[in-house]
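First up is the structure itself, then whatever we jot down about it.
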Protein chains: 2
Amino acid sequence: MHTIGTLARRTGTKVQTIRYYEQIGLMPEPGRTEGGQRRYGDVDLDRLAFIRHSRQLGFPLEAIRELLDLSDHPARDCGAADSIARRQLREVETRIARLQALRSELERMIGECRGGTASECRVLEVLRDHSECLADDHDAIG
Amino acid sequence: MHTIGTLARRTGTKVQTIRYYEQIGLMPEPGRTEGGQRRYGDVDLDRLAFIRHSRQLGFPLEAIRELLDLSDHPARDCGAADSIARRQLREVETRIARLQALRSELERMIGECRGGTASECRVLEVLRDHSECLADDHDAIG
DNA sequence: CTTGAACCTATAGTTGCTGTAGCTCTTATC
DNA sequence: GATAAGAGCTACAGCAACTATAGGTTCAAG
Ligand SMILES: [Zn+2]
Ligand SMILES: [Zn+2]
Ligand SMILES: [Zn+2]
Ligand SMILES: [Zn+2]
């Protein structure tokens, strides 16, 4: 039997985060002591490790919910798990592409600034006027 | 004189977002009609375009606040603007590196799954056990 | 003068936590 | 058995940066 603090330490999770996962139904309601403190078993430890590792790989909690559900039903077809992972891969690829475009714009504007006053600053000029950019689109803010 | 809707259309911003920027002090409180509706000038349009373009380049609102302030004081030295941009570049580079690491883990686990039941799924196996990963760290969740 | 689009405020929800206040419980030591 | 530290408890507020909704008012065209 583990306390919430032990689970936290063993998985690198904040205690509040574990309670949050319980609140949104990702972690089960564990047993309690007479005094009302949570006590977990090894199954819970594994489940939390699964959640945390999935988060480290960037999966959103809703995807993790589905992945846990599949993991809980070993006889089901794994197609759903694979398609969630592929969706996540596409998401990561999209973000990389967007960030690479941002990187070149940033490099360019930094490289072009020769210092001086704000009125002469190339960085500020570019920010004022998107037509100074090479890319003709960098939507999808974030 | 422009309505808030015109500003929104011309800059690709939601109307609520403009009001939000006003609330947090990024956009000035504009003049109002007798009936209480906001009316903007061209200066406001330019300011909003600056904000939106900066957001598209990934700058956080607090950085944009400083950039706007510099842009409003043309005689100041531009060093601060450049260092904000360089910080943003470093941030983007960090994120790219992290996402590239995630991409290879995802590619690998997807590539290794041969289908079948959830109990045999390579994707789920890797999620259960980080030691199946090549990287020995992928912290910094998000 | 009517209609309907666009505006207004205020508030709640999004994602995934994190931090705080003000308690209570557990456990080790004496 | 008493005490005190550390860990746990609930409940709520806050972060970033919006987005959505409800329920009402104003503007401008016809
Ligand atoms: Zn400069
Ligand atoms: Zn641009
Ligand atoms: Zn599979
Ligand atoms: Zn891993």
Side-chain angles (χ1 to χ4, degrees), chain A residues 1-27 29-40 44 48 50-68 87-88 91 95 98 139-142, chain B residues 1-27 29-40 44 48 50-68 87-88 91-92 95 98 138-142:
Chain A
M1 282 302 176
H2 315 289
T3 64
I4 198 170
T6 306
L7 241 71
R9 218 173 331 101
R10 300 260 293 261
T11 59
T13 314
K14 294 253 157 72
V15 166
Q16 298 103 302
T17 305
I18 300 174
R19 291 197 280 246
Y20 169 70
Y21 288 159
E22 179 183 329
Q23 209 181 305
I24 64 170
L26 263 194
M27 285 293 285
E29 290 185 26
R32 300 268 185 155
T33 62
E34 296 248 317
Q37 297 195 357
R38 292 168 177 83
R39 289 297 181 268
Y40 295 94
D44 301 312
L48 182 56
F50 185 107
I51 294 172
R52 285 269 105 188
H53 194 215
S54 303
R55 286 294 296 129
Q56 290 182 321
L57 288 161
F59 289 93
L61 294 179
E62 280 317 299
I64 296 171
R65 204 187 285 279
E66 296 180 54
L67 290 166
L68 279 167
R87 199 200 311 150
Q88 175 62 14
E91 177 67 34
R95 276 195 241 166
R98 224 171 51 71
D139 22 41
I141 287 177
Chain B
M1 283 301 175
H2 315 289
T3 64
I4 197 170
T6 306
L7 242 69
R9 219 173 331 101
R10 300 259 294 257
T11 60
T13 313
K14 294 252 156 73
V15 165
Q16 297 103 302
T17 304
I18 300 174
R19 291 196 281 245
Y20 168 70
Y21 288 158
E22 179 182 329
Q23 210 180 305
I24 64 170
L26 264 194
M27 286 292 286
E29 290 185 24
R32 302 267 184 155
T33 61
E34 296 249 318
Q37 297 196 356
R38 291 167 177 83
R39 289 296 181 268
Y40 294 95
D44 302 311
L48 182 55
F50 185 107
I51 295 171
R52 285 270 105 187
H53 195 214
S54 304
R55 286 293 298 130
Q56 291 182 321
L57 288 160
F59 288 93
L61 294 179
E62 279 319 298
I64 296 171
R65 205 186 286 278
E66 296 181 54
L67 291 166
L68 279 167
R87 199 200 311 149
Q88 175 63 15
E91 177 67 34
V92 166
R95 275 196 241 164
R98 224 170 53 69
H138 25 222
D139 21 43
I141 286 176

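What's counted below: heavy atoms across the whole structure, side chains too, no hydrogens, waters or symmetry copies.
Separating the OH atom of A/Tyr20 from the C1' atom of D/dC12 is a distance of 15 Å, rounded to the nearest angstrom. Taking atom CD on A/Glu62 and atom P on C/dC17, their separation rounds to 12 Å, with Å as the unit. B/Ile18 has its CD1 atom 12 Å from the P atom of D/dT19, to the nearest Å. Remark: C1' of C/dC17 and CD of A/Glu22 are 16 Å apart, rounded to the nearest angstrom. Rounded to whole Å, the distance from CG on B/Leu61 to P on D/dC15 is 13 Å. Atom-to-atom, OH of B/Tyr40 to P of C/dA6 comes out at 17 Å; the value is rounded to the nearest Å. Nucleotide D/dA16 holds its P atom 13 Å from the CD atom of B/Gln23, rounded to whole Å. The CG-C1' distance, from B/Leu26 to D/dC18, rounds to 12 Å in whole Å.
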Could you go over nucleotides 19-25 of chain C and give all protein N or O partners under 3.5 Å, atom names and distances?
unit_1: C/dG19; atom_1: N7; unit_2: A/Gln16; atom_2: NE2; d: 3.2

Can you name the atoms? Protein N/O to nucleotides 28-30 of chain D N/O, anything below 3.5 Å, with the distance.
none

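In this structure, the side-chain hydrogen bond (donor to acceptor under 3.5 Å, both in side chains) partners of B/Thr6, at least two apart in sequence or on a different chain, are B/Thr3. Every side chain to side chain contact (heavy atoms under 4.5 Å, CB included) that A/Phe50 has, sequence neighbours left out, goes to A/Ser54, A/Leu67, A/Leu68, A/Ser71, B/Leu124, B/Leu127, B/Arg128. Remark: A/His2 engages no residue in a ring-ring contact (aromatic ring centres under 6.0 Å, His included) (not counting sequence neighbours). Residues satisfying the side-chain hydrogen bond (donor to acceptor under 3.5 Å, both in side chains) test with B/Gln16, not counting sequence neighbours, are none.
Tested against A/Pro30 for a side-chain contact (heavy atoms from CB on, under 4.5 Å), the candidates A/Met1, A/Arg39, A/Glu22 yield a single pass: A/Glu22.
Taking only side-chain nitrogens and oxygens, B/Tyr21 comes nearer than 4.0 Å to OP1 or OP2 of D/dC18. Neither OP1 nor OP2 of C/dG16 sits under 4.0 Å from any side-chain N or O of A/Thr17. Between A/Arg55 and C/dT15, a side-chain N or O to OP1/OP2 separation shorter than 4.0 Å is absent. A sub-4.0 Å separation between OP1 or OP2 of C/dC7 and a side-chain N or O of B/Arg38 is absent.
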Evaluate side chain to side chain contact (heavy atoms under 4.5 Å, CB included) for A/Arg38 paired with A/Glu29, printing each intermediate quantity in order. CA-CA 8 Å; A/Arg38 292 168 177 83; A/Glu29 290 185 26; over 6 Å; no
Quick one: do A/Tyr21 and A/Arg52 satisfy side chain to side chain contact (heavy atoms under 4.5 Å, CB included)? Show the steps, please. CA-CA 11 Å; A/Tyr21 288 159; A/Arg52 285 269 105 188; 2.7 Å; yes
Full working for side chain to side chain contact (heavy atoms under 4.5 Å, CB included) between B/Gln37 and B/Ile4: CA-CA 8 Å; B/Gln37 297 196 356; B/Ile4 197 170; over 6 Å; no
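For A/Val15, taking side-chain heavy atoms from C-beta onward, the closest of the listed nucleotides D/dC18, D/dT10, D/dG8 is D/dG8.
When heavy atoms are screened at a 4.0 angstrom cut-off, A/Arg9 is found touching no nucleic acid atom at all. As judged by a 4.0 angstrom heavy-atom cut-off over every strand, A/Ile24 is placed among residues making no nucleic acid contact.
Closest approach of A/Met27 to A/Asp44, counting heavy atoms only: CE-O, 3.5 Å.
Between A/Arg87 and A/Glu91 there is no salt bridge, since no side-chain N of the basic residue sits under 4.0 Å from a carboxylate O of the acidic one.
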